[in-house]
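Letters A, B, ... mirror the listed sequences (proteins, then strands); counts begin at 1. Predicted model only: the values in this text are computed from it and were never measured.
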Number of protein chains: 2
Amino acid sequence: MSQQRNERPGGSASRPARSAAGLPANGSPAHGLSDRGAPLSELPDLPEATVARLPEYLRALHVLAERGDDVVSSEELAHAAGVNSAKLRKDLSYLRSNGTRGVGYDVGQLIDKIEHVLGLNQHRAVALVGVGNLGQALAGYGGFGSRGFHIAALFDVDPARIGDRIAGLPVRHIDDLAEVVALERIAIAVIATPAHAAQTVTDALVDCGVTSILNFAPCVLSVPENVDVRKVDLAIELQILSFHEHRKATLTALPEAIS
Amino acid sequence: MSQQRNERPGGSASRPARSAAGLPANGSPAHGLSDRGAPLSELPDLPEATVARLPEYLRALHVLAERGDDVVSSEELAHAAGVNSAKLRKDLSYLRSNGTRGVGYDVGQLIDKIEHVLGLNQHRAVALVGVGNLGQALAGYGGFGSRGFHIAALFDVDPARIGDRIAGLPVRHIDDLAEVVALERIAIAVIATPAHAAQTVTDALVDCGVTSILNFAPCVLSVPENVDVRKVDLAIELQILSFHEHRKATLTALPEAIS
DNA sequence: GCTTGTGAAACGTTTCACAGCC
DNA sequence: GGCTGTGAAACGTTTCACAAGC
């Protein structure tokens, strides 16, 4: 059982397993072989930081599209997504960019491209494990459908909860995991169990073939290297804010040095 | 109203306002003045990436402490926190480190130090705005107390909800925000409203003097530069996972090049 | 003229590798 | 002998600034 790589800068994720066997270890495929030999839609090996921002661009684009805009400049879009325009342009350039100089980007086209790169063409079925407080809230959250996902199954261990319906879905016993995952072709799971159960659940998920996990339990998960884990920990987010509060407080306590 | 800086690499936060007035703009205070003149506990200007990991170390340390360990090596602690040991040691070295060579770190001492740096000595009061699905789940989450926070007040706009009690706390109307924030000395707020309400709520919070916001609404917030915003967006996390799923799928479709 | 696309510089973060110390 | 602390190298990301193109 290999160990979780939890090294993402911003503080909440692990990474995919690059360079498994004898790969060059630095990104670029040494001598042009296979480099851009892809038919049409090959993934140009995006930087992780870019990948993490594409969904935000996508959200902003949908807002623009709804407003009826069909062209947007890097400046506008960057503003709407909360980044600066140079970064946005660089990010989009990795997608074999398709803006028009002097004009901007075609909103619809850009939406299609980003959705394609993120693999959102097919709606993805997600399993949710743990229907406590948080799990129920996540199950009830309506916003997924429009963003490429649907929760296809709910699981718990508590016999008292099995059979309950939440947002129209029955809660199933975790023993049914393998069956349902296969049936619904589930590759992504959300863990909303207490920390002490999370590793056991993870092992079960991995055994069923789930290869992406979003973990809300406050603990580190061990997974094989082909499995991706991202983590969301509420208390950690608050603690990071606390640090900045603390710093702001001490900065204003011992005051100015310039004026 | 200045714009949100939402530039954190890992994909979910904005940054504190550095270099407000005539500061040198690069980190170090040009000529030794004030540099390490601090009394005892001065914050050594930690890298953001380090700040984001300290809470994870803290969590892991608490687990160790509960097990009765009182010394831990960088290797062990790093493993428990899901990072590698070099990174851990570098991170701890910014805290004017206090491990013992050949031995390891004192668990209790390290907990104290990290808690102090994060400003967790005082329990921090947090306001939660929006008691829908997610808001209720957050309000009911018991794990805060042990990690330095307590939810001190709940707010909503929906008249039907005002007066309800959730986890022992009454839901108050958002018009009472200023009063309660002052009374409870609240500096941190969590936004769990729909996206369309989030900016209005943010403006109200900022007006009351709140300077840190954790935003669960899927939108970008505009805040003055002294206010920190971190963002958690479920759908974005799933979309990032989707990208990696997509990539894994296409990698196994057009298979090996080495063997 | 205005906006994209992009090399190159600047910056931040991680990893290496080993000296320093117990 | 074993583990910490840390310069220096490697790597990744952001920003700058301007050439290319509509």
Is it the case that the side chain of [X] and the backbone of [Y] share a donor-acceptor pair, with hydrogens and angles ignored and the cut-off at 3.5 Å?
| X | Y | answer |
| --- | --- | --- |
| B:S73 | B:E76 | yes |
| B:R124 | B:G119 | yes |
| A:K113 | A:G108 | no |
| B:H79 | B:S74 | no |
| A:S242 | A:L238 | no |
| A:D106 | A:L110 | no |

So does A:S74 get a side-chain nitrogen or oxygen closer than 4.0 Å to the phosphate oxygens (OP1/OP2) of C:dT4?
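A:S74 to C:dT4 OP1/OP2: side-chain N or O found under 4.0 Å.
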
Looking at B:Y105, I'd like to know whether one of its side-chain N or O atoms comes within less than 4.0 Å of OP1 or OP2 on D:dG5.
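Indeed, a polar side-chain atom of B:Y105 lies that close.
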
In whole angstroms, how far is the [atom2] atom of [N] from the [atom1] atom of [X]?
| X | N | atom1 | atom2 | result |
| --- | --- | --- | --- | --- |
| A:Y57 | C:dT4 | OH | P | 13 Å |
| A:E75 | C:dC2 | CD | P | 13 Å |
| B:D91 | C:dT14 | CG | P | 7 Å |
| A:L92 | D:dT15 | CG | C1' | 16 Å |
| A:D45 | D:dT13 | CG | P | 11 Å |
| A:K87 | C:dC11 | NZ | C1' | 12 Å |
| B:E48 | D:dT13 | CD | P | 17 Å |
| B:R96 | D:dT6 | CZ | P | 10 Å |

Can a salt bridge be assigned to the pair A:E56 and B:K231 using a cut-off of 4.0 Å between side-chain N and carboxylate O?
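Yes.
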
NA contact type, B:N98, heavy-atom cut-off 4.0 Å: base, sugar-phosphate, or nothing?
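Since only primed, P, OP1 and OP2 atoms lie under 4.0 Å of B:N98, the category is sugar-phosphate.
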
Stepwise side chain to side chain donor-acceptor pair (under 3.5 Å) test for A:H246 and B:Q122:
CA-CA 10 Å; A:H246 190 44; B:Q122 60 208 286; 4.9 Å; no

Provide a list of protein-nucleic acid N or O atom pairs under 3.5 angstrom, restricted to nucleotides 16-22 of chain D.
from   : atom 1 : to     : atom 2 : distance (Å)
D:dA20 : N3     : A:R101 : NH1    : 2.7

Would you say the side-chain atoms of B:Y105 and B:N98 include a donor-acceptor pair closer than 3.5 Å?
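Absent: no donor and acceptor within the cut-off.
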
Could you please name the option among D:dT15, C:dT14, D:dT13 that lies closest to any side-chain atom of B:R53?
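The listed nucleotide nearest to B:R53's side chain is C:dT14.
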
Take the C1' atoms of the five end pairs on each side of the helix from C:dG1-D:dC22 to C:dC22-D:dG1, get both axes, and report the angle to 10 degrees.
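So the angle between the two local helix axes works out to 0°.
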
